[in-house]
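Along the sequence shown, residues are numbered consecutively beginning with 1. Heavy atoms only: backbone and side chains are in, while hydrogens, waters and symmetry mates are out.
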Amino acid sequence: MADEAAYRQWRESAKAVKAIAADDGLALWEKARKVNQAYAGLALEGLQSKHRHKVLAAFGKVNSVFAKYTINSFDDYQQMSDGDLREIVDTVRALMPPKAK
């Protein structure tokens with residue numbers, strides 16, 4: 001059973017990611033760090049199975065990018081390649097929830 005609160009949280013997270021990605025005042029490494037934080041605490045158990053799998057697949061892709069690096073602090077994001085940072089931001093930005101009914 002889907003939980004409307006979980007979907008509302010997903011929509012809010014997606015809105016925050018869109019704003020972060022569009023913020024020209026942030027360096028690319030800061031965007032990559034912040035877009036991940038925007039989804040912290042998303043109640044996956046409240047999502048329909050197909051949506052939960054969509055979210056998990058996206059963050060699996062992000063984790064595969066992170067697997068190339070050792071990230072111990074926020075400063076370590078600065079050592080990542082621009083291509084990998086863009087892939088993280090683009091993957092998370094594409095994680096749009098279904099339209100609210």
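- Criterion: ILVMFWY side-chain heavy atoms under 4.5 Å apart, direct or through other members. Under it, Phe66 and Leu56 are part of a common hydrophobic cluster.
- Hydrophobic clustering (side-chain heavy atoms under 4.5 Å, transitive across Ile, Leu, Val, Met, Phe, Trp, Tyr) keeps Leu44 apart from Met96.
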For a quick test of your reading: what N or O donor-acceptor pairs under 3.5 Å do the side chains of residues 19-30 make, sequence neighbours left out?
residue, atom, partner, partner atom, Å
Asp23, OD1, Gly25, N, 2.8
Glu30, OE1, Ala27, N, 2.9

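- With Tyr39 contributing its side chain and Leu95 its backbone, the two residues share a donor-acceptor pair below 3.5 Å.
- In this structure, CD on Glu87 lies 6.0 Å from OG on Ser64, to the nearest 0.5 angstrom.
- Enclosure of atom NZ in Lys31 by more than 12 non-hydrogen atoms of other residues, nucleotides or ligands within 6.0 angstrom is indicated.
- For the pair Met80 and Ile71, the minimum side-chain heavy-atom distance is below 4.5 Å.
- Looking at every heavy atom in both residues, Ser81 comes nearest to Tyr69 through N-OH, 3.1 Å.
- Listed here is the closest heavy atom pair of Ala43 and Gln9: N-OE1, 3.1 Å.
- When all heavy atoms of Ala6 and Leu42 are compared, the pair lying nearest together is O-CD1, 3.8 Å.
- Scanning all heavy atoms of the two residues, the minimum distance from Tyr7 to Gly46 falls at CE1-O, 3.7 Å.
- When every heavy atom of Asn72 is checked against every heavy atom of Asp76, the shortest pair comes out as N-OD2, 2.5 Å.
- Looking at heavy atoms from C-beta onward, Val92 lies in side-chain contact with Asn36 at the 4.5 angstrom threshold.
- Ile88 has its side chain out of reach of Tyr77: every pair of non-hydrogen atoms, C-beta onward, lies at least 4.5 Å apart.
- Note that CZ of Arg33 and CD of Gln78 are 10.0 Å apart. Values are rounded to the nearest 0.5 Å.
- In this structure, the separation between NZ on Lys54 and NZ on Lys50 is 9.5 Å, given to the nearest 0.5 Å.
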